[in-house]
Amino acid sequence: MRTLLERWTKEKLLKAKGTFTFLGYKFNKELEKNNTLSQKLRVRASTDHIHTVIDGVKRYIMCLESKKCSCGQFQLDELPCAHALAVLRHKNETYENYCSPYYTRESLLSTYEIPVNPLPDESKWNVPQHITDEVVNPPTGEKRQPGRP
């Protein structure tokens, strides 16, 4: 398990270091997809923050202030959905203030910069005596009845 975590951490750190966009690779791809979808949408302002986004016969209500869209995707992903991007384009605003900070390249770099250190050979481990003396029995194999301890 530790070897797997070491490998994953190293791979994700290299990927984050190789990203030169505001968001990490995966999140930037999702944003690009949403941006493509947003191109065909029409926007009608209701207030400074509330807009109706029209997609053919469907209508979505988008609130920039609360970062919510009636499609539900914006608040679920914490990444602008196609409707939010259409509104942002309509208002001539950028998306950066509407993305979760956890998706940024900087956040990903700081997450994966903490290494998962390899362990030395088991013969070199310094295990305290009280841990060595601990007896851990395997499960008994008894099946419990639901609702009974």
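These numbers were taken from a predicted model, which means no experiment stands behind them.
For the atom pair OG (Ser70) and CZ (Arg59), the distance works out to 11.5 Å, reported to the nearest 0.5 Å. From Lys68, atom NZ reaches atom CD1 of Ile50 across 11.5 Å, with rounding to the nearest 0.5 Å. The line from CZ of Phe22 to CD of Glu106 is 9.0 Å long, rounded to the nearest 0.5 Å. With values rounded to the nearest 0.5 angstrom, Leu23 atom CG is found 13.0 Å from Lys29 atom NZ. Distance CD/Gln75 to SG/Cys63: 10.0 Å, rounded to 0.5 Å. Annotation: the span from Leu13 atom CG to Leu108 atom CG amounts to 10.0 Å, rounded to 0.5 Å.
Of all non-hydrogen atoms in Leu79 and Cys99, the two that sit nearest each other are CD1-SG, 3.9 Å. Taking every heavy atom of both residues into account, Val53 and Ala86 meet most closely at CG1-CB, 4.4 Å. Ser38 and Asn35 get closest at one heavy-atom pair: OG-O, 2.7 Å. Residues Pro118 and Glu6 approach most closely at CA-OE2, 3.2 Å, considering heavy atoms. Nearest heavy atoms, Ser107 versus Pro101: CB-O, 3.2 Å. When all heavy atoms are compared, the tightest approach of Met62 to Cys69 is SD-CB, 3.8 Å.
Linking ILVMFWY side-chain heavy atoms closer than 4.5 Å, directly or via other members, places Ile131 and Val136 in two distinct hydrophobic clusters. Trp8 and Val116 end up in the same hydrophobic cluster when Ile, Leu, Val, Met, Phe, Trp and Tyr side chains are linked at under 4.5 Å. Under the 4.5 Å side-chain heavy-atom criterion for grouping Ile, Leu, Val, Met, Phe, Trp and Tyr, Leu5 is not connected to Leu119 through any hydrophobic cluster. Hydrophobic clustering (ILVMFWY, side-chain heavy atoms < 4.5 Å, transitive): Leu85 and Val43 are in one cluster.
The ring-ring contact (aromatic ring centres under 6.0 Å, His included) contacts involving residues 91-114 comprise Phe27-Tyr103, where partners must be two or more places apart or lie in separate chains. Legend: side chain to side chain donor-acceptor pair (under 3.5 Å) pairs involving residues 116-127, not counting sequence neighbours, sorted by first then second residue: Asp121-Ser123.
The only member of Lys40, His83, Arg42 that meets side chain to side chain contact (heavy atoms under 4.5 Å, CB included) when paired with Ile54 is Arg42.
Qualifying side-chain hydrogen bond (donor to acceptor under 3.5 Å, both in side chains) partners for Lys91, counting only residues two or more places apart in sequence or in other chains: none.
Shown here is Gln129, whose CD atom has more than 12 heavy atoms of other residues, nucleotides or ligands within 6.0 Å.
You'll find the side chain of Leu88 reaches within 4.5 Å of the side chain of Leu64, heavy atoms only. Considering only heavy atoms from C-beta on, His51 comes within 4.5 Å of His90 through its side chain.
Formation of a donor-acceptor pair under 3.5 Å by the Asn28 side chain with backbone atoms of Thr21 is not found in this model.
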